[in-house]
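Read through the structure below, which is laid out as structure tokens, and then see the notes.
This is a predicted model, so every value here is computed, not measured.
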Amino acid sequence: MADCRLIRQGAAFHGKQGLDYFAGISAESAGAKAICMHLLELPPGAAARPHYHEAHETAIFVLDGAAEMRHGPDLEQVMRIEAGDFVFIPPNAPHQPYNPTDGLVRAIVARTDPNEQESVILIDETAD
């Protein structure tokens, strides 16, 4: 039987998406087999690179602030997300979160990929 693990807020890491995360639960930090969970701080004006998570679901809970997210096959839809909102992103769904406000956004991000960045696939912004 595996032991329960306490993970103190870890050092930040820069993700492939272009955003900074505070390391939390993952295969690397806790030996997780099917989930990772991190704290994301999205400063004013910040934007992720368009991407999707291959074969993995993502769940987000916004703690503070408000952000927007482009999503859909051509990133043609825009969703406004505010403190207290939950967001579900299905596997392989293109998306691009960004912060158009002058305030910091803080969110908890959980994904069914325990390896933090392995399922992140960047979308070539120059592709037709």
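Residue I121 is not grouped with residue L75 when hydrophobic side chains (ILVMFWY) are merged at heavy-atom distances under 4.5 angstrom, including chains of intermediate members. One hydrophobic cluster, built from ILVMFWY side chains closer than 4.5 Å, holds both F22 and M37. Side-chain heavy atoms closer than 4.5 Å link hydrophobic residues (I, L, V, M, F, W, Y) into clusters, and following such links, even through other members, never connects V78 to L42.
Contact record, N115 with A27: OD1-CB, 3.2 Å, taken as the closest heavy-atom pair. Taking all atoms of both residues into account, the shortest heavy-atom contact from V62 to I81 is CG2-CG2, 3.2 Å. Closest of all the heavy-atom pairs between Y98 and P100 is O-CD, 3.4 Å. Nearest heavy-atom pair across M69 and V87 is CE-CG1, 4.1 Å. What you find for Q96 and P50 is that their closest heavy atoms are NE2-CD, 3.6 Å. Taking every heavy atom of both residues into account, P94 and I123 meet most closely at CB-CD1, 3.5 Å.
Judged purely by atom type and a 3.5 angstrom limit, R5 has no side-chain atom pairing as donor or acceptor with the backbone of I25. Between the H51 side chain and the Q17 main chain, no donor and acceptor come within less than 3.5 Å of each other. Not a single donor-acceptor pair under 3.5 Å links the side chain of S26 to the backbone N or O of C36. Listed for the T58 side chain is no donor-acceptor partner under 3.5 Å among the backbone atoms of R111.
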**Request:** Test side chain to side chain contact (heavy atoms under 4.5 Å, CB included) on M79 and H71 and set out the steps.
**Result:** CA-CA 8 Å; M79 175 187 300; H71 62 100; 3.8 Å; yes
**Prompt:** Run the side chain to side chain contact (heavy atoms under 4.5 Å, CB included) check on I35 and T112 step by step: do they pass?
**Reply:** CA-CA 4 Å; I35 192 167; T112 57; over 6 Å; no
**Request:** Go through the steps to decide whether I108 and L39 satisfy the test side chain to side chain contact (heavy atoms under 4.5 Å, CB included), and finish with yes or no.
**Result:** CA-CA 5 Å; I108 300 295; L39 173 65; 4.0 Å; yes
**Request:** Start with the C-alpha gap between D113 and H53, add the side-chain angles, then the distance that decides, and say whether side chain to side chain contact (heavy atoms under 4.5 Å, CB included) holds.
**Result:** CA-CA 9 Å; D113 176 5; H53 302 276; over 6 Å; no
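Rounding to the nearest 0.5 Å gives a distance of 11.5 Å between CG of N99 and CD of E41. Within the model, atoms CG of D85 and CD1 of I60 stand 11.0 Å from one another, a figure rounded to the nearest 0.5 Å.
Residues passing the side-chain hydrogen bond (donor to acceptor under 3.5 Å, both in side chains) test with E82, sequence neighbours excluded: R80.
Under the side-chain contact (heavy atoms from CB on, under 4.5 Å) test applied with Y52, the options N92, V120, L122 reduce to a single match, N92.
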